[in-house]
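Here's the structure, in structure tokens; my notes come after.
Hydrogens, waters and symmetry mates are skipped; everything else that's a heavy atom, side chains included, is used. By convention in this document, chain letters (A, B, ...) are assigned in the order of the sequence lines, proteins followed by strands, and residues within each chain are numbered from 1.
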Number of protein chains: 2
Amino acid sequence: MTSDGDFSDNTTRALNQIRRMIEKGNLPSDGRLPTERELSEKLGCGRRQVRRALEVLEAEGLLWRRQGKGTFAGQPRRPATEMAATIADKVDTLAIMEARMGVEPQLAALCARRATAEDVDRLRLLAERAHGASDSDYWELWDGALHRLIARIPDNPILSAAFDLLDTVRMDENWQHDRHLARTLKTKVVYHEQHQRIIDAIDARDADAARAAMTDHLQTLTDDLRRSMRETGEVHSFATEARITDKTSKRRLKK
Amino acid sequence: MTSDGDFSDNTTRALNQIRRMIEKGNLPSDGRLPTERELSEKLGCGRRQVRRALEVLEAEGLLWRRQGKGTFAGQPRRPATEMAATIADKVDTLAIMEARMGVEPQLAALCARRATAEDVDRLRLLAERAHGASDSDYWELWDGALHRLIARIPDNPILSAAFDLLDTVRMDENWQHDRHLARTLKTKVVYHEQHQRIIDAIDARDADAARAAMTDHLQTLTDDLRRSMRETGEVHSFATEARITDKTSKRRLKK
DNA sequence: GTGCGTACCAAATGTAAAATGGTTCGTCTC
DNA sequence: GAGACGAACCATTTTACATTTGGTACGCAC
């Protein structure tokens with residue numbers, strides 16, 4: 001913070017400072033940034049300059065703004081609260097991962113067909129931010145932003161809505177989801193490599209490779225989650241048992 | 001309003017009057033009934049009697065109530081229906097198939113792990129009924145039932161909800177375009193073989209084979225659908241074009 | 001023209017009051 | 001004692017209003 005583009009105009013200086021603020025991660029867990037008026041006061045420049053800087057960062061995919069709400073790092077959620085509420089009491093973490101394994105690989109495959117060069121740039125930026133996250137909260141913020149952008153790029157309203165439902169349920173279930181992922185932060189390097197493989201496949205317009213890379217990524221996440229749950233002694237859901245059950249389970253009665 | 005069950009008690013009289021009110025249809029467009037307190041005053045009886053009458057009518061499915069909201073004639077809308085309505089104007093047939101290619105193969109894979117012998121028997125029955133269907137509308141009925149059962153067997157609430165959304169959108173779209181696949185004798189045989197392959201894989205507890213078989217089935221449906229659309233001169237969506245677009249499209253400018 | 005401040009608009013939030021269905025209790029009448 | 005009626009209270013939802021926040025336009029200074 002010694003020299004913030006000394007010879008630049010105020011807009012560029014504000015841009016660099018806000019970008020540094022995002023990279024550093026001194027933000028609440030929801031990624032909220034100070035208001036434009038606060039930023040203009042803190043950075044000692046006018047609100048117009050702050051807004052120009054925010055426009056750039058929004059175009060890069062690093063943050064999103066909403067009138068009346070605020071400015072947030074990452075990518076926005078589109079909550080499907082009504083539908084999520086109807087199933088909230090029946091979901092567990094592994095059911096969420098099973099659903100993600102269906103929706104997200106297909107989204108990645110469609111990205112490979114429809115992503116623009118700018119989309120790929122945004123994806124790479126988000127992956128970099130996840131890689132450089134200082135703690136698990138920020139990693140989840142940027143990982144979530146990356147997956148959300150992948151869900152938006154194909155412009156398929158149904159798959160997008162399905163992802164929104166997933167995202168909402170995941171948010172409601174976050175108290176344990178988050179906790180377990182935090183335990184496996186050591187594998188962050190692995191996650192970054194997988195992110196890059198996904199984005200590379202999208203960039204190369206290889207739909208099958210993108211689908212496979214996303215499947216691989218989600219499988220790793222699932223395995224880590226399951227391992228963490230086992231270590232902490234949590235009860236295994238039916239999903240876990242079924243996977244390792246042989247044919248005899250086929251004779252189980254209906255509940 | 002001459003004689004409302006002369007010798008009945010107040011509860012029965014209130015029941016008849018409210019039922020008549022609903023049948024007559026003198027209600028606002030949203031079907032809202034007067035509040036319980038208003039009804040008790042209008043009908044000249046106590047609120048308890050009104051509530052008992054409403055309980056009966058609610059059990060009959062003629063109305064539904066919600067605390068803090070009100071009492072409404074008809075049945076409450078399902079969340080999936082609402083969500084489907086919000087995206088109905090943005091969907092096309094190919095977007096539906098893209099979404100199905102994500103959700104249903106995963107559901108088939110999960111079926112391979114969790115289906116009981118009874119489930120497999122039901123699946124085979126539905127496949128046979130589809131195969132024996134005399135016309136295409138009838139075939140769609142049984143085919144839909146087969147896919148719905150596959151969606152319900154894994155007992156994954158999120159994927160099930162996603163399929164529910166999909167199915168609702170699909171029915172709306174089919175109804176709007178009055179679309180039915182031109183089904184030759186050959187295609188019907190092909191579909192039946194694919195159904196059997198899916199069910200055989202589920203029966204053999206081979207998740208990967210079930211996923212692949214479902215993907216193959218949906219791909220065939222998509223191809224037939226696209227061919228049918230081409231013959232009837234429907235415009236191709238962006239999805240169609242993108243699939244055959246080479247890398248140069250990647251450089252297209254932002255709008 | 002750039003920078004800066006002010007004012008205002010539109011959208012979202014937070015809060016409090018009112019409305020509404022859900023529930024319990026007491027009293028009356030037959 | 002059973003049924004009817006009223007009153008009171010609770011939980012949920014809606015409504016209205018003030019506040020916050022991003023979005024936009026205008027005026028002034030250098």
Side-chain angles (χ1 to χ4, degrees), chain A residues 4-18 21-22 27-28 30-59 62-79 81-82 85-86 88, chain B residues 4-18 21-22 27-59 62-77 79 82:
Chain A
D4 295 321
D6 313 299
F7 304 104
S8 310
D9 55 10
N10 275 0
T11 299
T12 310
R13 219 169 52 215
L15 175 59
N16 290 332
Q17 288 189 281
I18 298 175
M21 189 182 303
I22 292 177
L27 301 173
D30 60 352
R32 180 170 203 155
L33 272 71
T35 70
E36 294 180 354
R37 290 166 178 83
E38 286 173 352
L39 279 175
S40 91
E41 190 176 0
K42 279 185 185 177
L43 305 183
C45 63
R47 203 178 146 206
R48 163 171 285 170
Q49 281 66 37
V50 170
R51 282 185 57 74
R52 283 183 184 168
L54 292 178
E55 278 178 32
V56 175
L57 294 171
E58 187 175 29
L62 287 176
L63 57 84
W64 60 281
R65 299 178 285 175
R66 189 136 182 179
Q67 187 175 152
K69 194 163 188 178
T71 305
F72 299 83
Q75 288 288 306
R77 278 202 179 92
R78 290 198 311 201
T81 51
E82 294 177 29
T86 65
Chain B
D4 295 323
D6 316 297
F7 303 104
S8 308
D9 54 12
N10 276 358
T11 299
T12 310
R13 219 170 53 218
L15 175 59
N16 290 334
Q17 288 189 281
I18 298 175
M21 190 182 302
I22 294 176
L27 300 173
S29 60
D30 59 351
R32 179 171 204 153
L33 272 72
T35 69
E36 295 181 355
R37 291 168 177 83
E38 287 173 353
L39 280 175
S40 96
E41 191 176 2
K42 281 185 184 176
L43 305 182
C45 63
R47 201 176 147 211
R48 161 168 286 172
Q49 280 66 39
V50 170
R51 282 186 58 74
R52 282 183 182 170
L54 292 178
E55 279 178 33
V56 174
L57 294 171
E58 185 175 29
L62 287 176
L63 56 83
W64 59 280
R65 301 179 284 176
R66 188 144 183 181
Q67 186 174 153
K69 195 162 190 178
T71 305
F72 299 84
Q75 291 186 335
R77 285 204 298 171
E82 291 185 25

C/dG21 base / B/R37 side chain donor-acceptor hit below 3.5 Å = yes
key: Under 3.5 Å donor-acceptor pair, A/R47 side-chain atoms to D/dG23 base atoms   = yes
Atom-pair distance ([atom1] on [X]; [atom2] on [N]), nearest Å:
| X | N | atom1 | atom2 | value |
| --- | --- | --- | --- | --- |
| A/W64 | C/dA11 | CH2 | C1' | 13 Å |
| B/R48 | C/dC28 | CZ | C1' | 13 Å |
| B/R65 | D/dA11 | CZ | C1' | 15 Å |
| B/E41 | D/dC5 | CD | C1' | 14 Å |
| B/R52 | D/dA4 | CZ | C1' | 9 Å |
| A/E38 | D/dT19 | CD | P | 18 Å |
| B/L39 | C/dA19 | CG | C1' | 15 Å |
| B/E36 | D/dC9 | CD | P | 19 Å |

task = Using a 4.5 Å cut-off on heavy atoms from C-beta on, say whether the side chain of B/E36 contacts that of B/R65.
result = yes
inquiry  = Between B/L33 and B/I22, is there a side-chain heavy-atom distance shorter than 4.5 Å?
reply    = yes
5'-most by nearest nucleotide on DNA chain D - B/R66 or B/Q49 =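 Final value for this comparison: B/Q49.
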message = If you assign each of A/R51 and B/K69 to its closest nucleotide in DNA chain D, which residue comes earlier from the 5' end?
response =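 First, find each residue's nearest nucleotide; the 5'-ward one identifies B/K69.
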Minimum heavy-atom distance [X]-[Y], with the two atoms named:
| X | Y | result |
| --- | --- | --- |
| B/A14 | B/Q49 | CB-O, 4.4 Å |
| B/L27 | B/R32 | CD2-O, 3.9 Å |
| A/E58 | A/W64 | OE2-CA, 4.0 Å |

request  = Give one of base, sugar-phosphate or nothing for A/G68, where a contact means two heavy atoms less than 4.0 Å apart.
outcome  = base
query = Within the structure shown, what part of the strands sits under 4.0 Å from A/S40 by heavy-atom distance: base, sugar-phosphate, or nothing?
reply = nothing
message = For D/dT21 and A/T71 - does any side-chain N or O of the residue sit under 4.0 Å from the phosphate oxygens OP1/OP2?
response =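 Checking D/dT21 against A/T71, no side-chain N or O comes under 4.0 Å of OP1 or OP2.
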query = Under 4.0 Å between a side-chain N/O of B/T35 and OP1 or OP2 of C/dA19, yes or no?
reply =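 Indeed not, no polar side-chain atom of B/T35 lies that close.
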